[in-house]
Amino acid sequence: MPGPVPTAPQTFLQVAQSCDNFRIGSGTEKLIPWMLSPSLSSPAIGLLRPEVVQQLRQEPSWYFGLSTTGREWVSFAAGIDTPSARSRVMKDLCERWRDAGLWPDEISPRKWRNELYPVYRNPFGPRDFPGDDEDARGDTLNYAFRMERAASGLFGIVTYGIHMTVYEEVPSEDGQTLNCNIWVPRRAATKQTWPGYLDNSVAGGIEAGLGVFDCVVKESMEEASIPEDIVRRYARATGSISYFFRTPRGWLQPEVEYTYDLCLPPNSGVQPKPLDGEVESFELLSLEKVVERMRAGLFKYNCAVVLIDFMVRKGIITPDNEADYQEIVTRLHGRFDYERWASSSSR
């Protein structure tokens, strides 16, 4: 994927819609719910496109349901009913598909992340984890299994990440308005996804077994060289955003991002710097410049909405100065039409 090409100036609502861009029933492609077990009462854990279902029909570890009313669904086969068994099936399947060259836009060796994402029975439930022994607590947790990050779009699972805005406050002329400069990284040209786009100060996916704030600490050092003691002292949890994104190639990515702010104190001496090669450079930009580049489409889709959320929380975007305020705020806290996933085969 080439780097970003500037667009005509977009409104904040258009930026939000570019990220939260999918609703069940809005497309022509039939989507099949992925259920945890063959029972109709089991929870839906993903949404599958027909080409993935067709490939799964060649595999031995899957069940394909069809009710008398024509409702279709896919699940793990009977007997694959423990976290470790599900994880083994997914590991074997995804690696074989990768090696066979299937869906190279998602799971080719270059796209492969070698990171395991958790899958939960209830995507809005507890972020529990059994530990190294996945079966240590039986099959009683919200945690159901784990699978390769790169394949999450193929299976339409809900994924989770962290985004932190690192900024410095700048005194305003009136002494009341919040002015700030934000540390903005540019993604490396070698990144598997969205190379060359602008990003949030610190961001990353949450692997299975890793706590949310532990992920913030980890990514802060790996991506931005921000010491752990600075993060633990100054980072503040500010909530979460959630949106339903459909990629340009049609893969579904319902995502939850936990948001954090880190306001660097004056003369802290802290300056984000690349460390692990995922970031090309950092630039300290005024909020005005950040908004200008966001409106031009230069930020990765979800990073832009994290910055919109930041401006809402800081009172920069308000009901009085933004006509689409309520629509924007609502779009940043969606539920992916989740209640409809299991109710019927969806389009």
Side-chain angles (χ1 to χ4, degrees), residues 1-3 34 45-49 51-56 58-62 74 76 80 83-120 129 132 134 143-163 185-197 199-200 202-210 214-215 218-219 221-223 245-257 274-280 300-303:
M1 178 185 292
W34 180 19
I45 54 175
L47 290 171
L48 305 175
R49 300 174 72 183
E51 60 191 278
V52 175
V53 175
Q54 181 178 0
Q55 189 66 35
L56 287 174
Q58 303 177 39
E59 301 287 341
S61 302
W62 298 83
V74 176
F76 290 108
I80 302 175
S84 64
R86 299 182 193 113
S87 295
R88 283 194 298 271
V89 167
M90 294 307 297
K91 180 178 187 298
D92 174 71
L93 180 81
C94 293
E95 289 179 353
R96 282 192 291 104
W97 284 5
R98 175 200 63 195
D99 295 343
L102 297 176
W103 298 293
D105 58 315
E106 294 293 298
I107 56 171
S108 67
R110 184 179 180 278
K111 295 284 187 177
W112 199 258
R113 306 300 287 269
N114 203 31
E115 298 175 18
L116 297 177
Y117 269 1
V119 177
Y120 300 104
F129 185 71
D132 292 337
E134 286 187 274
Y143 172 85
F145 61 96
R146 51 190 168 185
M147 60 176 285
E148 163 61 31
R149 172 179 179 171
S152 58
L154 294 183
F155 289 87
I157 63 169
V158 178
T159 62
Y160 305 82
I162 61 93
H163 282 246
R186 182 176 298 279
R187 296 165 69 88
T190 55
K191 281 283 288 183
Q192 298 101 323
T193 56
W194 307 94
Y197 278 74
D199 209 318
N200 287 127
V202 173
I206 305 174
E207 296 183 60
L210 186 62
D214 289 336
C215 185
K218 171 179 174 288
E219 296 293 343
M221 174 52 71
E222 290 182 357
E223 290 190 352
F245 181 65
R246 190 169 199 164
T247 73
R249 294 182 180 271
W251 302 111
L252 298 181
Q253 294 181 342
E255 297 178 325
V256 174
E257 305 291 355
L275 181 64
D276 63 4
E278 294 196 359
V279 168
E280 179 180 295
K300 182 173 176 258
Y301 68 96
N302 59 344
C303 300

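Under 3.5 Å, the side chains of Thr193 and Arg187 contain a donor-acceptor pair of N or O atoms. Residues Ser87 and Glu134 bring a donor and an acceptor atom of their side chains to less than 3.5 Å of each other. A donor atom on one side chain and an acceptor atom on the other are not found under 3.5 Å apart for Asp199 and Trp194. In this model, no donor atom of one side chain and acceptor atom of the other lie less than 3.5 Å apart for Trp112 and Gln192.
In this structure the side chain of Val256 never reaches within 4.5 angstrom of the side chain of Thr159, judged on heavy atoms.
Relative ring orientation between Trp97 and Phe155 is described as parallel, the plane-to-plane angle staying below 30° on a 0-90° scale split at 30° and 60°.
Salt bridge annotation for Glu115-Arg146: absent, with no cationic side-chain nitrogen under 4.0 angstrom from a carboxylate oxygen. Between Glu148 and Arg113 there is no salt bridge, since no side-chain nitrogen of the basic residue lies less than 4.0 Å from a carboxylate oxygen of the acidic one.
Taking the six-membered ring for Trp, Trp34 and Phe76 have ring centres closer than 6.0 Å.
Tyr160 contributes atom OH, which lies 9.5 Å from atom CD1 of Ile206 (distance to the nearest 0.5 angstrom). Separation of atoms CD (Glu255) and CD1 (Ile157) is listed at 10.0 Å; rounding is to 0.5 Å. Between the OG1 atom of Thr247 and the CG atom of Asp105 there is a distance of 7.5 Å, given to the nearest 0.5 Å. For the atom pair CZ of Arg149 and OH of Tyr117, the computed distance is 3.0 Å after rounding to the nearest 0.5 Å.
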(request) Please assess Arg96 against Asp92 for the test salt bridge (charged side-chain N to carboxylate O under 4.0 Å, His left out), listing each intermediate value before the final yes or no. (result) CA-CA 6 Å; Arg96 282 192 291 104; Asp92 174 71; 2.9 Å; yes
